[in-house]
Amino acid sequence: LFTAPASITSSQTVTVTATSVADPTKSATATVTLNPLVNVTVAPASVTLTQSQTQTFSATVTNTGNTAVTWSLSPIVGSITAAGLYTAPALIPSSQTVTVTATSVADPTKSAAAMVTLNPPVHVTVAPASVTLTQSQTQTFSATVTNTGNTAVTWSLSPALGSITAAGLYTAPASIGSSQTVTVTATSVADSTKSATSSVTLSPSAPVNVTVAPASVTLTQSQTQTFSATVTNTSNTAVTWSLSPIVGSITPAGLFTAPASITSSQTVTVTATSVADPTKFATATVTLNPPVNVTVTPASVTLTPSQTQTFAATVTNTSNTAVTWSISPAVGTISPSGATAVYTVPRVVDVNQTVQVTATSMADTTKFARAVISLLSGVAISVAPAGATLNEAQTQAFSATVTGASNPAVTWTLDSPIGTVSSTGVYTAPASLSDAQTVQVIAQSVANPAKTGKVPVTLRPTRFTVTVSPAT
């Protein structure tokens with residue numbers, strides 16, 4: 001049995017000789033030609049195309065005289081000729097990958113693959129789409145180029161009024177005699193046939209105008225609010241911020257912080273003044289209120305099945321004193337009526353548990369108060385008959401009545417392993433008793449295992465031993 005080596009780097013010949021053991025001068029030979037495995041490579045290994053573009057792939061087949069290949073695609077998106085010319089589809093809605101495979105005709109188990117990434121055509125957008133400027137004002141435009149790894153653009157103006165940098169910063173001319181429009185164009189470097197435009201309306205100077213947003217806000221202690229100032233008709237849009245009266249604080253960026261303590265409601269005016277023209281300003285109003293506070297009475301209560309309890313909520317520091325009522329977990333019911341609510345305990349409470357009643361302010365839903373209800377289980381078990389006296393092997397059937405539970409089932413056990421009790425409550429005395437003794441039969445609630453009922457069973461032997469002395 002001849003086994004070729006695991007690796008063959010080049011073609012070679014091996015002579016196999018069989019020599020007679022009987023006459024070592026006699027032998028015969030055979031020739032084994034060892035060839036490397038057929039190998040296929042494809043170039044290029046990967047390429048990125050858009051719709052209708054083409055790419056010629058070449059396949060190199062070694063270790064065989066037959067270098068022909070067959071070409072295939074997976075998935076079949078686009079087409080490929082027998083010469084390896086791949087053509088992308090006319091429409092590419094989204095990026096996808098196609099595997100181009102060259103399979104050896106000499107050995108169809110040998111193949112190589114290349115990857116074609118198909119991308120939609122380059123698309124350019126410019127933001128903002130339009131803007132109005134006056135003399136010397138600036139506007140930064142941004143271009144978004146999709147479906148290509150090269151997102152660079154070149155910027156141009158038509159007509160050439162003002163200037164624009166390579167980064168998209170447009171500067172209006174220093175003098176504008178009348179209103180006119182300039183088209184800003186961003187052209188893709190990757191595909192110069194793709195571009196997008198934005199319109200700049202150039203208007204003569206107008207008075208500086210300042211607006212502040214939001215115009216009004218209501219806060220409580222330590223809360224914050226960022227105000228923004230919009231300054232128009234000037235290239236200098238900076239403002240200075242001030243407060244009247246000086247209650248709380250405001251940063252140069254317009255971040256107002258309410259004081260840590262607010263004892264009563266008051267109003268603060270926030271003013272943004274133009275740096276370009278200090279005679280121009282705008283204001284906003286901040287109403288400062290003490291924090292909303294909610295209390296619930298009673299704070300805690302203990303109830304038993306079917307009982308009810310009325311809770312009352314008091315909300316201060318707001319004109320809206322309404323609350324929403326809820327319970328957790330959802331055991332029992334809560335019946336709201338404005339600032340009060342009636343809680344009703346379920347008819348059945350299997351185990352002792354706690355329920356929270358929550359009153360949440362409708363004016364400020366982050367403010368709430370809770371009351372705690374301790375629910376006591378009403379489960380009780382009685383066993384009948386109340387007891388029994390048995391002799392050896394006698395039986396007694398017991399029954400258990402469970403009240404106040406959702407599940408009336410019980411499990412039967414004994415307090416000591418004397419005799420047996422069935423799952424239906426039938427007790428059987430031991431077959432042999434040496435002396436009188438008592439065992440407790442126990443019925444345990446399935447709904448509340450902490451609840452049990454017990455009855456005693458007195459066991460008396462029936463056999464008596466008589467001895468006579470002296471024996472002789």
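Of all non-hydrogen atoms in Ser136 and Thr171, the two that sit nearest each other are O-CG2, 4.2 Å. Closest of all the heavy-atom pairs between Thr340 and Thr310 is CB-CG2, 4.3 Å. Across all their heavy atoms, Asn448 and Ser377 have their closest contact at ND2-OG, 3.3 Å. Nearest heavy-atom pair across Gln221 and Ala260 is CB-O, 3.3 Å. Looking at every heavy atom in both residues, Val342 comes nearest to Thr308 through CG1-CB, 4.1 Å. Looking at every heavy atom in both residues, Ala102 comes nearest to Ala59 through CB-CB, 3.8 Å.
For the atom pair Phe256 CZ and Ser249 OG, the distance stands at 7.0 Å (nearest 0.5 Å). Note that OG1 of Thr48 and CG of Asn147 are 11.5 Å apart. Values are rounded to the nearest 0.5 Å. One finds the OG1 atom of Thr220 at 6.5 Å from the NZ atom of Lys367 (value rounded to the nearest 0.5 Å). From Ser374, atom OG reaches atom CG of Asn352 across 8.5 Å, with rounding to the nearest 0.5 Å. Separating the OG atom in Ser264 from the CG atom in Asn317 is a distance of 10.0 Å, to the nearest 0.5 Å. Rounded to the nearest 0.5 angstrom, Ile92 CD1 and Gln53 CD are separated by 8.0 Å.
Looking only at side-chain heavy atoms (C-beta outward), Thr19 and Thr17 come within less than 4.5 Å of each other. Between Asn407 and Asp350 there is no side-chain heavy-atom pair separated by less than 4.5 Å. With a 4.5 Å cut-off on side-chain heavy atoms, Val145 and Val122 count as touching. Residues Leu49 and Val116 have side chains in contact (heavy-atom distance under 4.5 Å, counting atoms from C-beta outward). Side chains of Trp155 and Val184 form a contact here, defined as non-hydrogen atoms less than 4.5 Å apart.
Counted by atom type alone, Asn119 and Ser95 present one or more donor-acceptor pairs between their side chains at under 3.5 Å. Judged purely by distance below 3.5 Å, without hydrogens or angles, the side chains of Ser306 and Arg347 never pair a donor atom with an acceptor atom.
Within a 6.0 Å sphere centred on CE of Met362, other residues, nucleotides and ligands contribute 12 heavy atoms or fewer.
Results of the side chain to side chain contact (heavy atoms under 4.5 Å, CB included) test with Ile334 over Val357, Thr358, Val355 single out Val357 as the only residue that passes.
Between Phe141 and Tyr170, the ring planes are perpendicular. Angles over 60° get that label, and only those under 30° would be called parallel.
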